[in-house]
Amino acid sequence: PESLLEVELCGARAGAYTDMTGDRKGILELASHGTVYLVGVDRLSPGAQAKLLRILSERKVRPIGMEEEVAIDVRFLFSTSKDLEAEARSGRFREDLFHRVQVVALKVPPLRERPEDLAGLVKVFFAEGDGTTPRLSKGAWKELSEYPWPGNVRELRNVLTRLRLAEGEVIDAAEVRRAFRVEETATIFAKNVLAAGNLHVLTERLEKDYILYHYRRLNGSTPDLCALLGLNRRQLYNRL
């Protein structure tokens, strides 16, 4: 929320709120000579965007309840999953703020576009467990390499967490497919579904279960869901 964001970034002095008995330094003051990383900058409200623009322009903050400004010396990093330039053109993001945050842009491609990173990521995520690295068969590697990873690196970590629980010394392709949940068709093609109604009823139920499954897996991210389903936003909303 915009009000809480200002307190978190700028801080507040004793008495600014009824239950505040002491001064509270903001993140920007605490991070002096360091780095502040703001995730999902595209989701800031218009008011919060204006406040951030002022901070970036003046390099000062005014803690709530204080008249004097405090100079800050921090490096800012911003991340977004959207095309921020397109958001600025559409008016959803301040154009002047866009030019402030777009000093040096680094695009991190999704996992499906950088298969050469897969082996290194698998090694790192497997090491997060008990220190042992399970062995993967050629078939298992093939399954991992050909999977599109719609949930990106977070999905890879979850899949590998499930694979660490697999029995046996070597993880095969079947274990990987089970980790992808592709073999759990019983939740979709239950007997009562197969026996209920005509083909139209079955396909409607299948589509509903499919969309709902990925909606939950992607934490309700509309852009990611549209990309996975190959639909634009309007088509997705019509189905929903």
Side-chain angles (χ1 to χ4, degrees), residues 8 27 30-31 34-43 74-84 101 104-190 206-231 236:
E8 289 294 326
I27 291 173
L30 290 170
T35 301
V36 172
Y37 176 35
L38 298 181
V39 182
V41 68
D42 57 275
R43 297 197 295 270
V74 296
R75 178 197 293 116
F76 285 93
L77 294 179
F78 305 95
S79 71
T80 175
S81 59
K82 295 185 178 180
D83 183 341
L84 210 56
V101 304
V104 177
L106 175 64
K107 180 182 179 182
V108 182
L111 181 56
R112 62 181 175 274
E113 295 180 10
R114 47 191 172 107
E116 67 277 4
D117 288 351
L118 185 62
L121 289 170
V122 168
K123 182 177 180 181
V124 168
F125 291 152
F126 270 156
E128 291 180 345
D130 55 7
T132 61
T133 302
R135 290 174 54 199
L136 296 170
S137 69
K138 290 184 177 180
W141 275 113
K142 185 173 184 295
E143 293 287 342
L144 292 173
S145 301
E146 294 180 352
Y147 187 67
W149 300 109
N152 221 335
V153 178
R154 184 181 293 109
E155 183 181 12
L156 173 63
R157 173 183 267 134
N158 292 340
V159 167
L160 296 180
T161 298
R162 290 193 287 268
L163 289 178
R164 281 205 301 267
L165 303 177
E167 297 180 356
E169 297 181 356
V170 180
I171 296 173
D172 59 16
E175 289 285 358
V176 175
R177 288 195 295 271
R178 278 193 288 272
F180 289 155
R181 300 288 194 253
V182 296
E183 292 188 351
E184 293 186 357
T185 54
T187 59
I188 298 175
F189 293 110
L206 172 61
E207 182 176 283
K208 177 182 177 181
D209 285 355
Y210 179 76
I211 293 177
L212 184 59
Y213 169 79
H214 288 292
Y215 175 84
R216 289 170 173 164
R217 188 173 59 80
L218 297 174
N219 297 317
S221 171
T222 300
D224 291 343
L225 187 58
C226 286
L228 172 67
L229 301 177
L231 303 174
L236 176 62

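Only a predicted model underlies this, so the values are computations on that prediction, with no experimental measurement involved.
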Please check if the number of heavy atoms outside Glu169 that lie under 6.0 Å from its CD is greater than 12.
no
Which atom names give the shortest non-hydrogen contact between Pro150 and Leu218, and what distance separates them?
O-CD2, 3.7 Å
Report the distance from atom CZ of Arg157 to atom OG1 of Thr161, rounding to the nearest 0.5 Å.
7.5 Å
Roughly how far, to the nearest 0.5 Å, is the CG atom of Leu231 from the CD1 atom of Ile211?
7.0 Å
Interatomic distance, Trp141 atom CH2 to Ile171 atom CD1 [nearest 0.5 angstrom]:
10.0 Å
Using side-chain heavy atoms (C-beta onward) and a distance below 4.5 Å, is Tyr210 in contact with Leu229?
yes
Leu236 to Cys226 - nearest heavy-atom pair and separation:
CD2-SG, 3.7 Å
Just so I know, are the side chains of Leu228 and Arg217 near enough to count as touching, which here means a heavy-atom distance under 4.5 Å?
yes
Donor-acceptor contact present, side-chain Thr80 to main-chain Gly40, <3.5 Å:
no
Looking at CG of Leu160 and CD of Glu155, how far apart are the two atoms once the value is rounded to the nearest 0.5 Å?
10.5 Å
Tell me whether Trp149 contacts the main-chain N or O of Arg154 through its side chain, where contact means a donor paired with an acceptor under 3.5 Å.
no
Pro109 and Glu113: which non-hydrogen atoms are nearest, and at how many Å?
CB-OE1, 3.6 Å
Exercise: identify the closest heavy-atom pair between Arg112 and Pro148
CB-O, 3.2 Å
Parallel, tilted or perpendicular, judged at 30° and 60°: which one describes the rings of Tyr147 and Phe180?
parallel
Side chains of Val74 and Ile27: does their closest heavy-atom pair fall under 4.5 Å?
no
To check you understand the geometry: which heavy-atom pair defines the closest contact between Val170 and Ser137, and what is its length?
CG1-N, 3.7 Å
Return the minimal non-hydrogen interatomic distance between Asn152 and Arg114, and the atom names on each side.
OD1-NH2, 4.3 Å
If you count heavy atoms of other groups shown closer than 6.0 angstrom to CZ of Arg162, is the number above 12?
yes
Is there a side-chain contact (heavy atoms from CB on, under 4.5 Å) between Leu111 and Leu121 once you walk through the steps?
CA-CA 10 Å; Leu111 181 56; Leu121 289 170; 3.8 Å; yes
In Å, rounded to the nearest 0.5 Å, how long is the span from CD of Glu8 to CG of Leu30?
10.0 Å
Rounded to the nearest 0.5 Å, how far does CG of Leu144 lie from CG of Leu136?
6.0 Å
Taking the side chain as every heavy atom from C-beta outward, state whether Phe76 and Val101 have any atom pair closer than 4.5 Å.
no
